[in-house]
Protein chains: 2
Amino acid sequence: MAPQEATKPPEWAAPCPHERTDTTCAGCKVRGVSICAALDASELGALEAIAEDVHYDARETILLQDDAADAVYNVTQGTVRLYKLLPDGRRQIVGFLLPGDFMGLALSDRYPFSADAVEPVAACRFARGAFSSLVDEKPHLLRRLHEAATHELSLAQDHMVLLGRRTADEKVAAFLLGMRERWRRLGGSLVIILLPMTRQDIADYLGLTLETVSRTISKFARSRMLLVVPDGVRFLDPARIEALAGH
Amino acid sequence: MAPQEATKPPEWAAPCPHERTDTTCAGCKVRGVSICAALDASELGALEAIAEDVHYDARETILLQDDAADAVYNVTQGTVRLYKLLPDGRRQIVGFLLPGDFMGLALSDRYPFSADAVEPVAACRFARGAFSSLVDEKPHLLRRLHEAATHELSLAQDHMVLLGRRTADEKVAAFLLGMRERWRRLGGSLVIILLPMTRQDIADYLGLTLETVSRTISKFARSRMLLVVPDGVRFLDPARIEALAGH
DNA sequence: CGTCAGCTTGACTCATCTCAACTAGGGTGG
DNA sequence: CCACCCTAGTTGAGATGAGTCAAGCTGACG
């Protein structure tokens with residue numbers, strides 16, 4: 001993150017994602033769920049030295065597929081969508097990043113996908129060269145990175161099953177449960193599922209159209225499994241949603 | 001593989017995948033395209049010490065999803081399918097392994113997928129504990145493993161695009177081109193594409209039914225893009241197949 | 001208070017699936 | 001050696017889940 005400003009913003013500014021009262025790694029809210037958890041206190045200093053605090057507005061582009069990958073990121077606030085486009089404009093979202101998630105695991109020359117902010121986003125930005133050197137010095141950081149990569153790979157394979165072999169109802173149910181689980185790990189509710197992304201985003205993630213997503217959620221609401229609320233849904237009968245998702 | 005018998009098999013047995021005349025890493029045909037390429041001559045000795053030569057018949061199960069992951073493998077001959085099953089029997093193949101491919105990148109406690117031999121398979125089997133220790137000792141082996149994992153992840157994301165956003169024609173065309181590229185790297189032909197897997201396997205890889213795969217290939221043959229030959233297809237007009245796949 | 005993006009809903013279409021019949025090759029045992 | 005079977009593949013006819021096209025609703029924002 002960017003070095004702490006000399007003058008702190010007032011307390012009331014805290015909810016604004018473009019301000020933070022504490023920009024040190026040690027005080028980072030998402031450290032426990034991030035790559036950074038692999039480092040001890042002294043190593044955090046080395047990490048902090050190469051970190052830059054960056055912010056994006058809703059719908060702002062963070063990076064583009066095939067661009068030179070000169071940085072990796074750790075999301076600290078907000079939601080990011082990662083996607084690939086086909087030449088004719090069809091889009092597949094390959095993942096959503098929530099606070100604590102790392103972007104750029106591959107440490108490759110070019111970004112393999114594009115990324116933009118679904119809602120206002122804050123992130124730690126690490127120059128690739130410096131980060132790569134740090135990884136070379138700390139084998140257990142590499143180990144952690146590798147664990148994160150293989151975990152991602154496993155999620156990707158689960159998502160292949162969903163895309164290739166599940167019906168629209170199953171896809172939507174599994175998506176909602178997946179979001180519940182991810183928010184839960186960040187201290188969220190088991191009942192209110194926040195959905196900062198649009199129906200089109202969900203559709204492009206699930207391999208459906210936005211109309212099918214909308215109809216499916218409406219159908220779930222009609223059969224009293226959930227309630228559509230502002231910015232998300234509220235589960236009324238989680239068991240039936242779990243049954244639909246095949247969990 | 002099982003330790004080499006004291007009496008070597010005669011030369012004429014060489015084509016049989018259950019016999020090898022040279023079972024050292026140094027003489028391994030797939031070393032150049034494998035994880036093992038990360039190791040120098042002396043390190044190969046350490047690897048060889050924990051390797052076991054194993055063989056599987058066509059359709060034999062190699063490992064099962066959720067079983068304790070007590071070994072990792074490097075395929076040296078034949079083709080392996082990796083898949084996940086839904087409780088009702090629907091199957092998604094998450095990948096095919098060809099000679100040189102590594103299975104068990106995750107180094108996790110349980111296998112995240114099942115694997116079986118599409119055709120007779122030979123592989124190097126490494127006990128997980130021993131392999132993991134070796135990785136701990138050799139950071140550049142871990143680096144190589146991480147590169148392999150992120151490469152896999154990138155392929156998985158490409159496959160998500162295919163599963164979520166491509167038509168049957170595009171899926172089949174992209175699959176055939178992908179197999180051509182993989183065989184090419186192993187010294188295969190640019191014109192004859194070997195397809196050791198069944199139509200059902202291809203369908204479960206592409207998120208289609210076997211009938212749709214068969215019809216699509218027949219359609220390509222009818223429009224003179226390719227010829228169906230025993231064990232595969234022969235490209236007649238690769239440019240049109242590439243155009244279909246959007247490449 | 002008009003505009004616009006996001007969302008919902010309806011009517012109809014169509015790509016792919018389902019069900020079913022048939023063919024071809026390979027292996028086995030009488 | 002051939003009759004049988006079994007697996008894999010092909011093809012057709014009809015069904016259907018999800019897509020397309022279109023209209024209208026709603027809430028946020030200038």
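Proteins come first, then strands; the chains are lettered A, B, ... in the order of their sequence lines, and each starts at number 1.
Looking only at distances, a side-chain donor or acceptor of A/S34 sits under 3.5 Å from a matching main-chain atom of A/G100. Checked by atom type and distance alone, the side chain of A/W183 pairs as donor or acceptor with a backbone atom of A/L194 at under 3.5 Å. Between the side chain of B/Q92 and the backbone N or O of B/D204 there is at least one donor-acceptor pair closer than 3.5 Å. Using modelled atom types, no side-chain atom of B/K29 and backbone atom of B/P99 make a donor-acceptor pair closer than 3.5 Å. For B/E119 (side chain) and B/T79 (main-chain N/O), a donor-acceptor pair under 3.5 Å exists by modelled atom type. A donor-acceptor pair under 3.5 Å is formed between the side chain of A/E60 and the backbone N or O of A/D57.
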Anything under 3.5 Å between a protein N or O and an N or O of nucleotides 23-26 of chain C, put it in a table, one pair a line.
none

Name the pairs: protein N/O against N/O of nucleotides 26-30 of chain D, kept only if under 3.5 Å.
none

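No side-chain donor from either of B/Q65 and B/S114 sits under 3.5 Å from a side-chain acceptor of the other. In this model, no donor atom of one side chain and acceptor atom of the other lie less than 3.5 Å apart for A/D201 and A/Y83.
The terminal axes of the helix from C/dC1-D/dG30 to C/dG30-D/dC1, fitted over 5 pairs per end, subtend an angle of 30° to the nearest 10°.
With rounding to whole Å, A/D231 atom CG is found 13 Å from C/dG6 atom P. Rounded to an integer number of Å, the gap from CG of A/L208 to P of D/dT20 is 11 Å. Atom-to-atom, CG of B/L163 to C1' of C/dT16 comes out at 15 Å; the value is rounded to the nearest Å. Between B/L206 atom CG and C/dA15 atom C1' the separation is 16 Å, expressed in whole Å. Put simply, CZ on B/R165 is 15 Å from C1' on C/dA15, counting in whole angstrom units.
Scored by the side chain to side chain contact (heavy atoms under 4.5 Å, CB included) test, A/T212 finds A/A168, A/L208, A/T209, A/T216 as partners (sequence neighbours excluded).
Proximity of A/F235 to A/M225: side-chain heavy atoms (C-beta onward) are nowhere separated by under 4.5 Å. A/K171 has its side chain out of reach of A/T167: every pair of non-hydrogen atoms, C-beta onward, lies at least 4.5 Å apart.
Ring centers of B/Y73 and B/F126: at least 6.0 Å apart, outside the cut-off. Ring-centre distance between B/F96 and B/Y205: below the 6.0 Å cut-off.
When the shell of 6.0 Å around CG of B/D231 is examined, it contains 12 or fewer heavy atoms from other residues, nucleotides or ligands.
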Once base and sugar-phosphate atoms are separated, protein heavy atoms under 4.0 Å mark nucleotides 6-13 of chain D, 5' to 3', with B, S and - as ---SBBBB
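Considering all non-hydrogen atoms of both residues, A/V233 and A/L195 come closest at CG1-CD1, 4.1 Å.
Residues from residues 78-93 of chain B lying near DNA chain D, meaning a heavy-atom separation below 4.0 Å, are absent.
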